[in-house]
Novice: 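Dropping the structure in here first, questions after.
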Amino acid sequence: MPRAFQIRPLRSGAATLYIVLGDQLDRQSPILGRLDSGADAVLMMEVARESEHVPSHVQRTVLFLAAMRHHALWLRDQGVRVEYVRIDDPANTHAFGSELARAVERLGAERVVCVEPGEHRVRGEIEAAAVEAGIDLQILDDTHFLTTPSEFSAWAKGRKQLTMEYFYREQRRRLGMLVDEDGQPAGGSWNYDSDNRESFKKTPRPRQAIEFEPDAITHEVIQAVAERLPGLPGSADGFAWPVNREQAVEALDDFIEHRLGRFGPYEDAMWTEQRTLYHSRLSAAVNLHLLSPMECALRATEAYEAGMAPLNSVEGFVRQHIGWREFIRGVYFHEGATYGDRNGLDDDGTLPDFYWDADTDMACMADCTRSVIEDGYAHHIPRLMVMGNFAMLAGVSPQAVRDWYLGMYTDGVDWVTTPNVVGMSMHADGGVVGTKPYAASGKYISRMSNYCEHCRYDIKKRTGDDACPFNTLYWDFLIRHRERFRKNNRMAMMLKNVDRLSDPQRVEITLSARSLRDRFGVTRAGT
Ligand code: FAD
Ligand code: SF4
């Protein structure tokens, strides 16, 4: 039976309330070294607003709450007082700000401390509540990350373009990862992506990723979520995510032993009904801070040194953790609170319904969206080159797309979702994350997957009823934006092809794209 959470009033006097948010379940958290367990308390809050401000997948919600409850028990085992507000507590006001105010008053706390939240909105709520309560608030750097926002800004200062590859090389040198004594890269190259673009010629048979049966605490959360938040998308059926540190370490072991070796070559490949392939599925556990990025990267380099995995796989995995993940977070804080509102391509289309129900005749989109709806997961390429690509080509609003990604994936947290969607995938940030849009026709999907083999659309056609919609929308995208991209050298080849089209061809593409948007339910102002 799960243990009950006790509420004990704080000793009057210099009591500090330490907030631990659901994505800060770090056993090395900087608050633990400061906390006086005799006088202070940790406040943890399960609030409905976090699952409702964007509709949050049931598995995402359950994962956060189950991991929080496990962490609360661990904290109590360390002798820490935990003031825990449950989702089904009748007194719960269901927002961080009002819950903090309630706790401050109830416990007579004199000071509030928290680690930097991963979302500007949440930080704003906590700050406002502290001001309202007339109480001191201290915000600490989040030591889970390898780079502080101010270190990133110092790196970014004066650069015309924030190029991840340069940031990553500096990280490698700074952290001494896969570099020799002279700071040169292991194997002679910084990046082995050219070895990492393989697709499968026949059905791949990777070993299934480890799954975790929900325990009593998780079952209790599933029940509470079903009762308190009945309208959320997705279902808890098949919930198998790691919910505590021990399970997360097992998931990391499982990846290192069984999938890391082939991670590199097949990083970009997709296959029908195979969601994980050789990916790690660790992002949710790392984002909740059940694992640290450093330990993930170190485990991979140790596997390389032990001859268990090749350099192209290990370097790729290390780059994701110490490069991309840190870079993305750096951009989020460096660009500020309005970054997520950017709309560099002026897109305002509605998100098609099939993102919510997978009901589409495009084989690739049906399989990828089903994976998210059923599992709260898809690896990077379905996110970027299928679901994100479609949304950008069709002209969907980047904020509508961001909200869908943020709520529907178990690893959705604003600092990481927003730059990946608004920047990398929708190219709406004015070129901060990527110098050119990740726009691709169906040819890319056909090369990297088996989807087109059993799709009702013809991958070779550009227009017409049976033409691959990605082809039609890709050409339409280039036609619509060609003047905007004219000065972008990296787009020159693509634009040359558009310039070669005759006027009637352009009109045909434009009209076909318009009718596709109508059919798929992408409504844009003025169309
Ligand atoms: P693997 O392929 O095994 O990669 C290893 C780890 O590297 C991941 O677990 C993750 O922690 C890290 N990583 C890799 N790429 C990135 C990246 N671009 N940004 C940050 N971390 C990265 N990642 C999230 O964690 N949360 C999100 O909400 C999220 N939204 C995304 C939206 C779009 C449109 C795109 C294109 C990417 C998004 N990503 C997001 C990044 C990446 O796709 C996921 O981290 C990855 O697919 C998670 O699966 P995995 O753990 O099997 O990753
Ligand atoms: Fe997707 Fe087009 Fe291939 Fe169909 S033909 S699976 S829509 S890329």
Side-chain angles (χ1 to χ4, degrees), residues 1-8 16-37 40-47 50-51 56 59-89 92 96 99-100 103 112-119 122 126 140 142-145 212-225 239-252 282-296 410-413 415:
M1 282 293 289
R3 277 170 280 172
F5 298 100
Q6 288 177 359
I7 300 177
R8 285 192 277 160
T16 302
L17 202 49
Y18 288 87
I19 299 173
V20 172
L21 296 168
D23 61 342
Q24 298 178 340
L25 311 178
D26 187 350
R27 291 190 184 176
Q28 309 295 323
S29 169
I31 67 165
L32 292 173
R34 294 166 182 252
L35 192 139
D36 170 355
S37 50
D40 304 332
V42 158
L43 172 65
M44 298 181 75
M45 301 166 274
E46 298 180 352
V47 297
E50 294 309 301
S51 293
S56 170
Q59 298 210 14
R60 175 175 182 260
T61 304
V62 168
L63 173 61
F64 268 77
L65 304 195
M68 285 169 69
R69 290 188 189 191
H70 282 87
H71 187 69
L73 288 180
W74 179 83
L75 284 171
R76 295 187 68 232
D77 281 347
Q78 312 309 303
V80 174
R81 291 180 175 188
V82 181
E83 172 74 0
Y84 198 98
V85 184
R86 293 168 68 125
I87 193 90
D88 47 8
D89 179 345
N92 189 340
F96 288 142
E99 277 311 295
L100 175 58
V112 173
V113 177
C114 75
V115 170
E116 181 71 66
E119 181 164 356
V122 172
I126 291 172
L140 308 174
D142 190 340
T143 51
H144 159 91
F145 294 95
F212 301 92
E213 187 72 17
D215 63 6
I217 296 173
T218 305
H219 274 299
E220 206 178 40
V221 169
I222 291 172
Q223 183 71 25
V225 169
F239 181 94
W241 295 98
V243 294
N244 58 29
R245 163 94 188 141
E246 288 72 20
Q247 291 181 344
V249 170
E250 267 191 79
L252 175 58
L282 291 173
S283 50
V286 186
N287 291 352
L288 264 53
H289 300 188
L290 302 178
L291 293 171
S292 81
M294 195 60 178
E295 79 180 311
C296 293
T410 52
D411 60 20
V413 184
W415 68 263

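Predicted model, so just to flag it, every value in this text is computed and none were measured.
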Novice: Which pair of heavy atoms, one from Pro117 and one from Gln24, lies closest together, and at what distance?
Specialist: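 Closest approach of Pro117 to Gln24, heavy atoms only: CA-NE2, 3.8 Å.
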Novice: Within this structure, what is the CD-CH2 distance for the pair Gln247 and Trp241, rounded to the nearest 0.5 Å?
Specialist: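 Gln247 atom CD to Trp241 atom CH2 measures 12.5 Å (nearest 0.5 Å).
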Novice: Just wondering, do Tyr84 and Met45 contact through their side chains at under 4.5 Å, heavy atoms?
Specialist: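 Not in contact.
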Novice: How would you list, by chain and number, every residue that makes a ring-ring contact (aromatic ring centres under 6.0 Å, His included) with His71, sequence neighbours excluded?
Specialist: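 His71 satisfies ring-ring contact (aromatic ring centres under 6.0 Å, His included) with Trp74 once adjacent residues are dropped.
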Novice: Mind checking side-chain hydrogen bond (donor to acceptor under 3.5 Å, both in side chains) for Glu99 and listing every partner two or more places apart, or none if nothing turns up?
Specialist: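 Listed in chain order: Thr93, Arg102.
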Novice: Tell me, please, which residues at least two apart from Trp415 pass side-chain hydrogen bond (donor to acceptor under 3.5 Å, both in side chains).
Specialist: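 In terms of side-chain hydrogen bond (donor to acceptor under 3.5 Å, both in side chains), with neighbours along the sequence ignored, Trp415 is linked to no residue.
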Novice: Enter the distance from Leu65:CG to Ile217:CD1 here, rounded to the nearest 0.5 Å.
Specialist: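 Leu65 CG to Ile217 CD1: 12.5 Å, rounded to 0.5 Å.
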Novice: Can you list everything that forms a side chain to side chain contact (heavy atoms under 4.5 Å, CB included) with Ala284? Sequence neighbours excluded, please.
Specialist: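 Result, side chain to side chain contact (heavy atoms under 4.5 Å, CB included) vs Ala284: Leu63, Thr410, Asp411.
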Novice: Any side-chain heavy atom of Val286 sitting closer than 4.5 Å to one from Ser292?
Specialist: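 When only atoms from C-beta onward are counted, Ser292 and Val286 do not touch, as no gap falls below 4.5 Å.
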Novice: Show the numbers, then the answer: is there a side chain to side chain contact (heavy atoms under 4.5 Å, CB included) between Leu140 and Ile31?
Specialist: CA-CA 8 Å; Leu140 308 174; Ile31 67 165; 4.0 Å; yes
Novice: State, yes or no, whether a side-chain contact exists between Leu290 and Asn244 at a heavy-atom distance under 4.5 Å.
Specialist: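 A side-chain contact is absent here, since even the closest heavy-atom pair is not under 4.5 Å.
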Novice: Please work out which of the three classes, parallel, tilted or perpendicular, describes the rings of His144 and His289, given edges at 30° and 60°.
Specialist: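 The arrangement is parallel - the two ring planes meet at less than 30°.
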Novice: Considering residues at least two apart in sequence or located in another chain, which fulfil the side-chain hydrogen bond (donor to acceptor under 3.5 Å, both in side chains) criterion with Glu119?
Specialist: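 Once residues adjacent in sequence are excluded, the partners of Glu119 under the side-chain hydrogen bond (donor to acceptor under 3.5 Å, both in side chains) criterion are Arg121.
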Novice: Looking at Pro242 and Ala285, what are the two nearest heavy atoms and their distance?
Specialist: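 The pair with the smallest heavy-atom distance is CG-CB, 4.3 Å.
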Novice: Looking at side-chain heavy atoms only, is the closest gap between Arg34 and Leu32 below 4.5 Å?
Specialist: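 A side-chain contact is absent here, since even the closest heavy-atom pair is not under 4.5 Å.
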Novice: Taking C-beta and beyond as the side chain, do Phe64 and Glu46 meet within less than 4.5 Å on heavy atoms?
Specialist: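 No. Closest side-chain heavy atoms not under 4.5 Å.
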Novice: Check the pair Leu100, Val112 against side chain to side chain contact (heavy atoms under 4.5 Å, CB included), reporting the backbone distance first and the verdict last.
Specialist: CA-CA 9 Å; Leu100 175 58; Val112 173; 4.1 Å; yes
Novice: Between the side chain of Glu50 and the main-chain N/O of Val47, is any donor-acceptor distance below 3.5 Å?
Specialist: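 Such a contact is absent between Glu50 side chain and Val47 backbone.
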Novice: With sequence neighbours excluded, tell me which residues meet salt bridge (Lys or Arg N to Asp or Glu O under 4.0 Å) with Arg27.
Specialist: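 Applying salt bridge (Lys or Arg N to Asp or Glu O under 4.0 Å) to Arg27 gives Glu246.
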Novice: My understanding is that only residues two or more places apart in sequence, or in another chain, count here; which of them pass salt bridge (Lys or Arg N to Asp or Glu O under 4.0 Å) with Asp142?
Specialist: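 Expected list: none.
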Novice: Could you list the residues that satisfy side chain to side chain contact (heavy atoms under 4.5 Å, CB included) with Ala67, not counting sequence neighbours?
Specialist: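 Ala67 satisfies side chain to side chain contact (heavy atoms under 4.5 Å, CB included) with Leu25, Leu288 only.
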Novice: Taking only residues two or more places apart in sequence or in another chain, which ones pass side chain to side chain contact (heavy atoms under 4.5 Å, CB included) with Thr218?
Specialist: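 Checked Thr218 against side chain to side chain contact (heavy atoms under 4.5 Å, CB included); matches are Val62, Ala66, His70, Pro214, Asp215, Ile222, Phe239, Val243.
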Novice: How long is the straight-line distance from CZ of Arg81 back to CD of Glu83, given to the nearest 0.5 Å?
Specialist: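 So the CD of Glu83 and the CZ of Arg81 are separated by 10.5 Å.
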Novice: Please list, chain by chain and in numerical order, all residues satisfying side chain to side chain contact (heavy atoms under 4.5 Å, CB included) with Gln223, sequence neighbours excluded.
Specialist: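 Here the qualifying residues are Glu227.
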Novice: Please determine whether side chain to side chain contact (heavy atoms under 4.5 Å, CB included) holds for the pair Thr61 and Gln59, giving the CA-CA distance in whole Å, both sets of side-chain angles, and the decisive distance to 0.1 Å.
Specialist: CA-CA 5 Å; Thr61 304; Gln59 298 210 14; over 6 Å; no
Novice: Using a 4.5 Å cut-off on heavy atoms from C-beta on, say whether the side chain of Leu35 contacts that of Asp40.
Specialist: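 Heavy-atom side-chain distance check passes, below 4.5 Å.
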Novice: Under the salt bridge (Lys or Arg N to Asp or Glu O under 4.0 Å) test, which residues partner Asp88, sequence neighbours left out?
Specialist: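 If we apply the salt bridge (Lys or Arg N to Asp or Glu O under 4.0 Å) test to Asp88, skipping adjacent residues, the hits are Arg86.
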Novice: Roughly how far, to the nearest 0.5 Å, is CD1 of Ile19 from CG of Leu21?
Specialist: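 Taking CG in Leu21 and CD1 in Ile19, the distance rounds to 6.5 Å.
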Novice: Partners of Ser29 by side-chain hydrogen bond (donor to acceptor under 3.5 Å, both in side chains), sequence neighbours excluded?
Specialist: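 Listed in chain order: nothing, the list is empty.
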Novice: How close do Thr143 and Pro30 get, counting heavy atoms only, and between which atoms?
Specialist: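 It is OG1-CD, 3.2 Å.
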Novice: Between Val82 and Leu75, is the side chain to side chain contact (heavy atoms under 4.5 Å, CB included) condition met? List the steps.
Specialist: CA-CA 7 Å; Val82 181; Leu75 284 171; 3.8 Å; yes
